[in-house]
Amino acid sequence: MSLDSLKSSIPDYAKDLRLNLGSVIGNSELPAQQLWGTVLATAIASRSPIVLRELAPEAKANLSPEAYTAARSAAAVMAMNNVFYRTRHLLSDHEYGTLRAGLRMNVIGNPGVDKVDFELWSFAVSAINGCGLCLDSHEQVLRKAGVSRETVQEAFKIASVIQAVGVTLDAEAILGD
């Protein structure tokens, strides 16, 4: 199971996704830990069993055990935070924004890897989950840490392609024609 296997399973009508998947992973200028942590966290966030099954082993082979766990933690905590903060933001009653969240998210303060990497993974998961408040928050932390716009964009390019591949392959698994 691998990136090549995943690419070969993408149907011809979605050839652009096949090419983009190879490009965003194979030609990425991100350091290996940032790249594979982003790949793993967004594969989890895509909710596609096919994508996760194909990409997780390769991510595990390219990440330290700590980074592998941290990328999974980023996907987990952002699954919660993206729903919570997106809902707060979308409600017309802004008083919810003044209430204490009361949710544990200790991993954000101590992710076990470089904080910038964890922020990048959290940002990419937030792109998939569509939480504008979280996107802005993580982007600001990244930019204050000196991360370039190009690097931030690389993360959401990876997220967009992995999400699209997941949607396409999951539909193919159901439609099968």
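This is a predicted model, so every value here is computed, not measured.
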Quick check on the hydrophobic clustering: are [X] and [Y] connected, directly or via other members, by side-chain heavy-atom contacts under 4.5 Å?
| X | Y | answer |
| --- | --- | --- |
| Val77 | Ile128 | no |
| Val125 | Val141 | no |
| Leu19 | Leu21 | no |
| Val83 | Met80 | no |
| Val165 | Val39 | yes |

Donor-acceptor pair between [X] and [Y] side chains, under 3.5 angstrom:
| X | Y | value |
| --- | --- | --- |
| Ser5 | Ser2 | no |
| Glu154 | Ser28 | yes |
| Tyr13 | Glu172 | yes |

Stepwise side-chain contact (heavy atoms from CB on, under 4.5 Å) check, Val24 with Ile162: CA-CA 9 Å; Val24 298; Ile162 287 179; 5.8 Å; no

Side-chain touch [X]/[Y], heavy atoms, less than 4.5 angstrom:
| X | Y | value |
| --- | --- | --- |
| Ser48 | Val167 | no |
| Leu142 | Thr151 | no |
| Leu3 | Glu54 | no |
| Asn81 | Ile108 | yes |
| Ser160 | Gln163 | no |

Is a side-chain donor or acceptor of [X] paired with a backbone partner of [Y] at a separation under 3.5 angstrom?
| X | Y | value |
| --- | --- | --- |
| Ser137 | Leu133 | no |
| Arg86 | Leu90 | no |
| Ser9 | Leu6 | yes |
| Asn129 | Cys131 | no |
| Thr42 | Ala45 | no |
| Glu139 | Phe123 | no |
| Ser23 | Asn20 | no |

List the atom of [X], the atom of [Y], and the distance in Å for their closest heavy-atom pair.
| X | Y | value |
| --- | --- | --- |
| Ala155 | Ala124 | O-CB, 3.9 Å |
| Arg53 | Pro57 | O-CD, 3.2 Å |
| Leu135 | Ala127 | CD2-N, 3.5 Å |
| Ala59 | Trp36 | CA-CE3, 3.6 Å |
| Val51 | Gly166 | CG2-CA, 3.5 Å |
| Ala41 | Ala75 | O-CB, 3.7 Å |

I need the [X] [atom1] to [Y] [atom2] distance, nearest 0.5 Å.
| X | Y | atom1 | atom2 | value |
| --- | --- | --- | --- | --- |
| Ile158 | Gln153 | CD1 | CD | 11.0 Å |
| Arg88 | His94 | CZ | NE2 | 12.5 Å |
| Lys157 | Ile25 | NZ | CD1 | 12.0 Å |
| Asp114 | Glu66 | CG | CD | 13.5 Å |
| Glu58 | Leu63 | CD | CG | 11.0 Å |
| Glu119 | Ser126 | CD | OG | 9.5 Å |

For Lys60, I'd like to know if atom NZ has over 12 heavy atoms of other residues, nucleotides or ligands within 6.0 Å.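 At most 12 heavy atoms, drawn from other residues, nucleotides or ligands, come within 6.0 Å of this atom.
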
Would you find more than 12 non-hydrogen atoms of other residues, nucleotides or ligands less than 6.0 Å from Arg72 atom CZ?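 Count not over threshold, so no.
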
Apart from Leu91 itself, what residues make up its hydrophobic cluster when side-chain heavy atoms of I, L, V, M, F, W and Y under 4.5 Å apart count as a link, directly or indirectly?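 Members alongside Leu91: Tyr96, Leu99.
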
Would Asp170 and Arg47 pass as an ion pair if we require N to O under 4.0 Å?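 Salt bridge absent between Asp170 and Arg47.
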
Begin from the C-alpha positions of Trp121 and Val113 and carry the test side-chain contact (heavy atoms from CB on, under 4.5 Å) through to its verdict. CA-CA 11 Å; Trp121 304 336; Val113 294; 3.9 Å; yes

Criterion side-chain contact (heavy atoms from CB on, under 4.5 Å) on Phe118 and Ser73, from CA distance to verdict: CA-CA 9 Å; Phe118 192 83; Ser73 295; 4.2 Å; yes

Stepwise side-chain contact (heavy atoms from CB on, under 4.5 Å) test for Asn62 and Tyr68: CA-CA 9 Å; Asn62 283 284; Tyr68 184 78; over 6 Å; no

